[in-house]
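A short worksheet on the structure shown next.
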2 protein chains.
Amino acid sequence: MVTLKQLAKELNVSISTVSKALNNSEEIGEETVKRVKELAELYNYKPNRMALSLKQNKTKTIGVIIPNILNHFLAKVLFGIEREATKLGYNIITCISNESLETEKASLQLLASGSVDGFILCVSEETQIKNEIDHFKKTISQGLPIVMFDRVAHDVMCDKVIVDDFDATYNATKNLLLENRKNIVFISNIDDLSVGKLRERGYNKAILENGGQDPLVLRIFKKDDHQKKIKSFFRKNNTIDGVVSADSSSAIIAINSAINLGKKVPKHMSVIGFASKSDSNHTLPRLTTIRQHAKVIGANATQLLVNRLQNMHLNEDVRTIIVKTSLVKNKSTLL
Amino acid sequence: MVTLKQLAKELNVSISTVSKALNNSEEIGEETVKRVKELAELYNYKPNRMALSLKQNKTKTIGVIIPNILNHFLAKVLFGIEREATKLGYNIITCISNESLETEKASLQLLASGSVDGFILCVSEETQIKNEIDHFKKTISQGLPIVMFDRVAHDVMCDKVIVDDFDATYNATKNLLLENRKNIVFISNIDDLSVGKLRERGYNKAILENGGQDPLVLRIFKKDDHQKKIKSFFRKNNTIDGVVSADSSSAIIAINSAINLGKKVPKHMSVIGFASKSDSNHTLPRLTTIRQHAKVIGANATQLLVNRLQNMHLNEDVRTIIVKTSLVKNKSTLL
DNA sequence: CTGAAAGCGCTAACAC
DNA sequence: GTGTTAGCGCTTTCAG
């Protein structure tokens, strides 16, 4: 890596002259600027980012902490964050908390010591269960803004980007009721999470408003054999004619299990689930999906953070952006 | 962020005393060390990473450039990299090339100017097609080691971690031949990639060796409607009794399409595909899968890089690690 | 127009 | 034992 010092030496000028020339300062003579720029070009000079960061006390880097990168939704948000960050001239340092509070804390700590200008994060499961928020508050009070997305800690004052989870399942369930479905089950493998709870409540509300049946919830746990659990549930509850799923995997398995049991989808059973476009290709008929617009969420979060970083002095009020889901109707439902 | 300077001032000692005390230098008096550490603890002092990086000319950060984070295999490798890097005391900066040569170049350039100590990357599709390697060579000659995984540029001298793609499909196809399948098709949506080509060749070899049929390849392109293409292929080629798939999506769609057309899997048709465990849950019967051990690949790549970083002076020979796939037999095949 | 010097936060060789 | 100083690469004020 060539430095200003080396360029200066070779050109027989001072370091500051080189620096100014490269930064198009008006102070430097035209001729000198030309000479400097040519040599810099030749040697492919790029200012050292660490030195710049140290000097300017900003890193142009965003710390991203997500609980699980193998979750397709979270990966997609990360994609959105990366793309927007790159566009705005920021890099991202990614840490994976693995749903662990300790790991989340450690990553926050580590990156807070000068590696990043701020954070975008999705709260880990353990953190949500234990309702710990001190580490977030501490980070913010150190002058590092945080933007939370999807799973957020409501008691932390910071910018947030969330999904209208409640409305999404409420509307999806309403849709199935409109199809005159009489026995709709809600399937979830994320009932520990804030968003999982919201989704369940949306379903509950729609069912209770309608009054035709009682809410019926099938909870899937990590240790379960998902296929076996769903299939045997359908076998025992033979009158199920509708499924609302809080996650994509359960929805896919639900359709395939129903077909395996000889049912026709959507003739005998309609299925709606939170999923992405590629997921919906994994069933025939294609899954009617609740889309969360993950990339938009990532982009929004990034914009919120960068905006705050660039207006730190203004001390703006915190904002919460709600990204509306949309219901993409495919062939696993009638209407 | 509290600095050494502030601690020194408050303790009425010099900056270097504080620094030495915190670094357990033998030079400093016991009493002083204690005072310093207590205050540092109180203020939660952490050395500034940028300053350290600048001083020591190493960032303890790895640049990771991957073509597409929405690809489950790549996301999983990233997960493996992150976990191993964290374990070894490194952070990762992630850039997504989006399969674009230009983006890949830009990321490499940007991070090479002092942000990272080295790179782990998977070559983008465009880069492979155009067979460009200058940017890699340049980076390496600047003193930044590169480790390539999965899709590699063979003409670049660097450490590599690859998969035995050829053997994997060769063996998988052999397996179907052992089941006495007579009309086996190879389905791929990645035939542009080096790994896609290797997988096809493995299939070809097994088929040709056997001599019962000619190789038969169905290529899926991004713009295609994958479901439609596979389903109509099966309709037109009604005697297909075996599928080897180079990607998970095609395998899943193949099974579900076959079932949709009234065939029994694996009675009438066996299917094997590259896929992960979670993918194999998306069909009933579960997909017999070729597992690539993505996390292991990520961990190996990280170890190679860190090892090289820590032994830069030794100038060791480059190494290529081949991570063997394994064939996980589920119920979409007979044997 | 150009250069010297200070300083970002830290470490380490070298005084005292 | 503790402090002074130089220097990592850069920007920027202030002198010349």
Side-chain angles (χ1 to χ4, degrees), chain A residues 1-37 39-40 43-61 110-117 142-144 312, chain B residues 1-37 39-40 43-61 110-117 142-144 312:
Chain A
M1 288 251 343
V2 59
T3 65
L4 286 186
K5 202 180 189 176
Q6 292 163 41
L7 293 179
K9 194 172 175 189
E10 192 146 340
L11 290 161
N12 271 316
V13 294
S14 77
I15 294 177
S16 54
T17 302
V18 179
S19 171
K20 286 172 188 166
L22 291 173
N23 290 304
N24 296 312
S25 161
E26 298 298 317
E27 295 179 37
I28 307 294
E30 216 175 297
E31 176 61 21
T32 317
V33 169
K34 196 165 157 249
R35 281 176 58 219
V36 170
K37 286 201 170 173
L39 197 70
Y43 286 163
N44 190 31
Y45 168 81
K46 291 280 178 304
N48 182 301
R49 295 248 326 198
M50 293 301 150
L52 276 185
S53 297
L54 186 58
K55 181 79 187 148
Q56 307 181 332
N57 198 28
K58 56 183 181 187
T59 62
K60 284 283 195 172
T61 303
L110 187 70
L111 297 185
S113 48
S115 296
V116 302
D117 295 339
Q142 275 177 38
L144 291 167
M312 287 287 257
Chain B
M1 290 251 342
V2 61
T3 65
L4 286 186
K5 202 181 188 177
Q6 292 163 42
L7 292 179
K9 193 170 172 191
E10 191 146 339
L11 289 162
N12 271 316
V13 293
S14 78
I15 294 176
S16 59
T17 303
V18 180
S19 172
K20 286 171 189 165
L22 290 175
N23 291 305
N24 296 312
S25 160
E26 299 298 317
E27 295 179 35
I28 306 296
E30 214 175 299
E31 175 61 21
T32 316
V33 170
K34 193 164 160 248
R35 279 177 58 219
V36 170
K37 287 202 168 172
L39 197 69
Y43 286 161
N44 191 31
Y45 168 80
K46 293 278 179 305
N48 181 301
R49 295 252 321 202
M50 294 299 149
L52 274 186
S53 299
L54 187 59
K55 181 83 187 138
Q56 307 181 334
N57 198 28
K58 56 182 183 185
T59 62
K60 284 287 197 168
T61 304
L110 186 72
L111 297 185
S113 48
S115 295
V116 303
D117 295 338
Q142 277 177 38
L144 292 167
M312 286 287 257

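Proteins come first, then strands; the chains are lettered A, B, ... in the order of their sequence lines, and each starts at number 1.
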> Looking only at side-chain N and O atoms, does A:K55 come under 4.0 Å of OP1 or OP2 in C:dG9?
Replying inline: no

> What is the distance, rounded to the nearest whole Å, between atom CG of B:N24 and atom C1' of D:dG1?
Replying inline: 16 Å

> Does C:dC10 have OP1 or OP2 sitting under 4.0 Å from an N or O in the side chain of B:S19?
Replying inline: no

>> I'd like to know whether B:Y43 forms a side-chain hydrogen bond (donor to acceptor under 3.5 Å, both in side chains) with B:E10, so could you lay out the CA-CA distance, the side-chain angles of the two residues, the decisive distance to 0.1 Å, and finally the verdict.
In response: CA-CA 11 Å; B:Y43 286 161; B:E10 191 146 339; 2.7 Å; yes

> What is the nucleic acid contact for A:S53, judged by heavy atoms within less than 4.0 Å: base, sugar-phosphate only, or nothing?
Replying inline: nothing

>> As a test of reading the structure: which of D:dT2, C:dG9, C:dT11 is closest to the side chain of B:A51, going by heavy atoms?
In response: C:dG9

> Are B:L4 and B:Y45 side-chain neighbours, meaning at least one heavy-atom pair lies under 4.5 Å?
Replying inline: yes

>> Pick the closest DNA chain D nucleotide for B:S14 and for B:L54 by heavy atoms, then say which residue is nearer the 5' end.
In response: B:S14

>> Using a 4.0 Å heavy-atom cut-off, does A:N48 contact any base of the nucleic acid, only the sugar-phosphate backbone, or nothing at all?
In response: sugar-phosphate

> Is there a side-chain contact between A:E30 and A:K34, using heavy atoms and a 4.5 Å cut-off?
Replying inline: no

> More 5' along DNA chain D: B:V13 or A:P47, using each one's nearest nucleotide?
Replying inline: B:V13

>> Between C1' on C:dA12 and CG on B:L22, what's the gap in Å once rounded to a whole number?
In response: 15 Å

> To the nearest angstrom, how far is B:K5 atom NZ from C:dT11 atom C1'?
Replying inline: 16 Å

> When you measure from the side chain of A:E27, which nucleotide among C:dT2, D:dT2, C:dT11 comes out closest?
Replying inline: C:dT2

>> Counting C-beta onward and ignoring hydrogens, is there a side-chain heavy-atom pair between B:V36 and B:L7 closer than 4.5 Å?
In response: no

> D:dT2 P sits how many Å from B:E30 CD, rounded?
Replying inline: 11 Å

>> Heavy atoms only, 4.0 Å cut-off, all strands: where does B:K20 land among base, sugar-phosphate and nothing?
In response: base

>> Which residue in the set A:T17, A:L22, A:V13 passes side chain to side chain contact (heavy atoms under 4.5 Å, CB included) when paired with A:I28?
In response: A:T17

> Within the structure, does a side-chain N or O atom of B:S16 lie under 4.0 Å from either OP1 or OP2 of D:dG3?
Replying inline: no

>> Please compare B:Q56 and A:N12 by the position of their nearest nucleotide in DNA chain C and report the one closer to 5'.
In response: A:N12

